[in-house]
Novice: 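Handing you a structure now.
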Amino acid sequence: MSIHIAQQTGVITLHTARTSYQMWADEQGVLHHLYYGPSVGNADLRDTEFRSDCGFSPNPGELHLQRDYSLDTLCQEYTGCGVGDFRVSCLNVQNPDGSIAADLRFAGAEVLPGKYALPGLPAAFDNGGECETLRVTLRDDVTGLTVTLLYGVYEQADVITRAALLQNGGSGVIRLRKAASACLDLPFGEWELLHFHGRHCMERQPERAPLPHGVQVIGSGRGASSHHHNPFVILAEPHATETAGECLGAMLVYSGSFRIEMEVSQLHSTRLVAGLGDGTFCWTLAPGETFAAPEVLFSYSSDGLGELSRQYQRFLRDNIIRSTWKARPRPILINNWEATYMNFDGETIYRIARQARELGVELMVLDDGWFGRRDNDTSGLGDWQVNEKKLGCTLAELIERIRGLGMDFGLWVEPEMVCPGTALYAAHPDWALSIPGRTPAMGRSQLVLDMGRPEVVDYLYETLSALLRENHISYVKWDMNRNMTDVFSRALPADRQGEAAHRYMLGVYALLERLTAEFPDILWEGCSGGGGRFDAGMLHYFPQIWCSDDTDAIQRLKIQYGTSFGYPISAVGSHVSAAPNHQTGRTAPLNTRAVVAMAGTFGYELDLQLLSEAEKQDIRRQIAVCKQVQPLVLQGRYDRLTDAMTDTYFTAWQLTAPDAAAALVSVVVVDPKPNPWPIHLRCRGLAPDGLYKNSLTGHVTTGSALMAAGLTLPMQTGDYPATQIWLERVD
Ligand code: GLA
């Protein structure tokens, strides 16, 4: 049993293989958080709680003589608001009488087999008996607001999922202005925050800094999880490294605007509150209605950041990604975007495909520009009719020609958008988010469709499912190329506009649910101007996401490094593109570009016809190597061997087979040096007694030697040289 409720005391302990999590409802019904950390069995931890008469921290009305009891200083599982806790709260609730208050008290707990589901939202699933659910009910007796806290305990994965259901059990309308998914109060310890910020073409740059007193917020108000801040944070002990020290993560399974707030309190405790929305969220909850707050994935490691990352990577692979492709080798693809942009016809695409096929590529992806009036990015989105004039044939004809080469065919779409000037916009101007009387802000000359309207979702479902039914399409790239402004739904009354952004996400999820269920064998790749929606919510539908519009291999080292802290390598869309690189102008060797793209789904995004014969030979070799690497990418263990942000000489990482029978160490020199000091690496995760053969030197040695004494590379010279070293077990 991974959930234990002590009969006498009511103390609830959640157990995973290596961690414990404890809570307890006191005589007042306040649900205390007691512990989250390394396993402690069922030890009762109530005596670790600190109570003091803390000035200006008020006491509940019924306990006003008990000066050492304050909601402002207690660690809690989920907070109310307005009744005595001044720290960041889980809720902001406006009651029928106008008061802004919620006082939540324990009303019961039950343990259920399996994993709870969340209506309309992506969430982790159970692969058969590996998860147990705890449901805790909290109630505000004055208003009847009920909060059901859901905990999914994945024992072997060392992951605890959380979510909250808010139900209006009263007789008047309640307005939720904030409805967090979870709160985690850490009573003790110094914590550093590791978060992943960025911008278009430079996503998920790790930044680590001590949490100061006061509130620190990581979030997005862009209507997408965003390039700028990822909905994933790690709190780490100051001395935690890749291989040692305590750290814990909080990852939202949500793709829209979000907030993760962290507050170090007056008594040095640390509170983390995670949930959807920015300051504009406001949801009207009529009597009897329930609101579901998205899921958060918590994981804890005592063995450093590398182990924490692997816990998340495994969990997302096994319990978030549903695609039938999740463990299947992905086809080596070629995408025409950086080869042609929107200047192509059917013949151009066919020739690119033919050359690629000759070199071993398996899937041709036709990117933006095949539909409507779409010769540049100022028009066309919304009119998903094939531009046969531009292609010079029907889509079906082009696909059959390409399939005739022995290749599969994939297509780019950007369904959530509309360009003014299209037939769709002319027919339904009210389907775009925009505020009456204002000219909406444009992003890439496009507007955002109001996905909260069921008729928009139905229309897109009909349009896209017909396209997929009528054509032999085995891959879809689903893009989203601007953030939301003018968030106003013409379908909602004035007092419900604060719901539009979340209704948008619910609509997107509903559409993806229908399409991925109907076309389960299609390989779906998510995208938002690269990695602007790279999150666990999207991974529920898409087994891979285009990681960044920056295809520069050297920049990608940092982007992919940051991404690896929370996300599986098998989900990282990564391609070899042309040199000089189109985003940075840098020229990196073809081999280096391939080595970096192999830490991902792998493909090409350039016109291979323009390469020399020697380069074409190299592509053949790369594809053969990639086939060997794929099983490690899909199922293996991933280790960051260097810090890509601070190690300025070289970046290295290791992929290891689940049974440690083989490993691949990849090294890219980012700043070659004269009279260089050695490139020396210590491997990780090998079988200590196993004998491994080094593909570079032929030398055979033990796993323990490779992990302790390490590997030394020969001198590396030239522009950004890269090396792959296979370590094959030979005993
Ligand atoms: C986004 C994607 C690119 C490409 C273009 C097409 O920027 O990230 O890969 O598909 O859109 O417009």
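For ligands, and for the atoms within them, numbers begin at 1 and follow the listed sequence.
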Novice: Is the ring pair F281/H502 parallel, tilted or perpendicular, if the boundaries are 30 and 60 degrees?
Specialist: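 If you compare the ring of F281 with that of H502, the planes turn out perpendicular.
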Novice: What heavy-atom pair brings L333 and V361 nearest, and what distance separates the two atoms?
Specialist: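 Where L333 meets V361 most closely, the heavy atoms are C-CG1, 3.6 Å.
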Novice: For D377, state whether at least one heavy atom is located under 4.0 Å from any atom of ligand 1.
Specialist: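 The answer is no: ligand 1 sits nowhere under 4.0 Å from a heavy atom of D377.
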Novice: Parallel, tilted or perpendicular: which fits the ring planes of H229 and H195, with parallel below 30° and perpendicular above 60°?
Specialist: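 Plane angle under 30°, so parallel.
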Novice: Distance under 4.0 Å to a non-hydrogen atom of W546: what atoms of ligand 1 satisfy this?
Specialist: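 Within the 4.0 Å cut-off of W546, ligand 1 contributes 8 (O), 9 (O).
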Novice: Please list the nearest protein heavy atom to atom 10 (O) of ligand 1 with its residue and the distance rounded to 0.1 Å.
Specialist: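 Looking only at protein heavy atoms, the one closest to atom 10 (O) of ligand 1 is D367 OD1, 2.6 Å.
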Novice: With heavy atoms of G530 as the reference, note each atom of ligand 1 found under 4.0 Å away.
Specialist: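 Counting from 1, the qualifying ligand atoms are 8 (O).
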Novice: I need the contact type for E414 against ligand 1. Using non-hydrogen atoms and a strict under-4.0 Å cut-off, is it side chain, backbone, both or neither?
Specialist: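 For E414, no heavy atom sits under 4.0 Å from ligand 1.
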Novice: Ignoring hydrogens, what is the shortest heavy-atom contact between M251 and A536? Give both atom names and the distance.
Specialist: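 That would be SD-CB, 3.9 Å.
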Novice: Using a strict cut-off of 4.0 Å, indicate which atoms of ligand 1 neighbour a heavy atom of G529.
Specialist: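 Near G529, meaning under 4.0 Å from one of its heavy atoms, ligand 1 has 1 (C), 7 (O), 8 (O).
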Novice: Please identify which of these residues, F232, F565, Y567, Y638, meets the ring pair (Phe, Tyr, Trp, His ring centres under 6.0 Å) condition with Y312.
Specialist: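 With Y312 as partner, ring pair (Phe, Tyr, Trp, His ring centres under 6.0 Å) holds for just one option, F232.
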Novice: Quick check on contacts: which atoms of ligand 1 are under 4.0 angstrom from a heavy atom of C527?
Specialist: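 Contacts of ligand 1 toward C527, numbered from 1: 2 (C), 8 (O).
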Novice: When you measure from atom 12 (O) of ligand 1 to each heavy atom in N335, V413, D368, which option holds the nearest one?
Specialist: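 Shortest heavy-atom distance from atom 12 (O) of ligand 1: D368.
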Novice: In Å, rounded to the nearest 0.5 Å, how long is the span from OG1 of T463 to CG of L460?
Specialist: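 Here the interatomic distance stands at 6.0 Å.
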Novice: Classify the ring geometry of F602 against Y604: parallel below 30°, tilted from 30° to 60°, perpendicular beyond 60°.
Specialist: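 Rings of F602 and Y604: perpendicular, over 60°.
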Novice: For Y541 and Y509, I'd like to know if the aromatic rings sit close, meaning centre-to-centre distance below 6.0 Å.
Specialist: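 Yes - the distance between ring centres of Y541 and Y509 falls below the 6.0 Å cut-off.
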Novice: Does ligand 1 have any atom sitting under 4.0 Å from a heavy atom of K477?
Specialist: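 The answer is yes: ligand 1 sits under 4.0 Å from a heavy atom of K477.
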Novice: What closest approach, in Å, do I569 and S564 show between heavy atoms, and which atom pair accounts for it?
Specialist: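 Shortest heavy-atom contact: CD1-CB, 4.0 Å.
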Novice: What is the closest protein heavy atom to atom 11 (O) of ligand 1, and at what distance does it sit?
Specialist: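 The protein heavy atom lying closest is D479 OD2, 2.9 Å.
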Novice: Considering only protein heavy atoms, which is closest to atom 8 (O) of ligand 1, and at what distance to one decimal place?
Specialist: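 The closest one turns out to be D549 OD1, 2.4 Å.
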Novice: Numbering the atoms of ligand 1 from 1, which are under 4.0 Å from a heavy atom of N481?
Specialist: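 Near N481, the atoms of ligand 1 are 1 (C), 7 (O), 11 (O).
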Novice: Can you tell me which portion of R444 lies within the under-4.0 Å heavy-atom range of ligand 1? Options are side chain, backbone, both, or neither.
Specialist: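 Looking at R444 and ligand 1, just side chain atoms fall under 4.0 Å.
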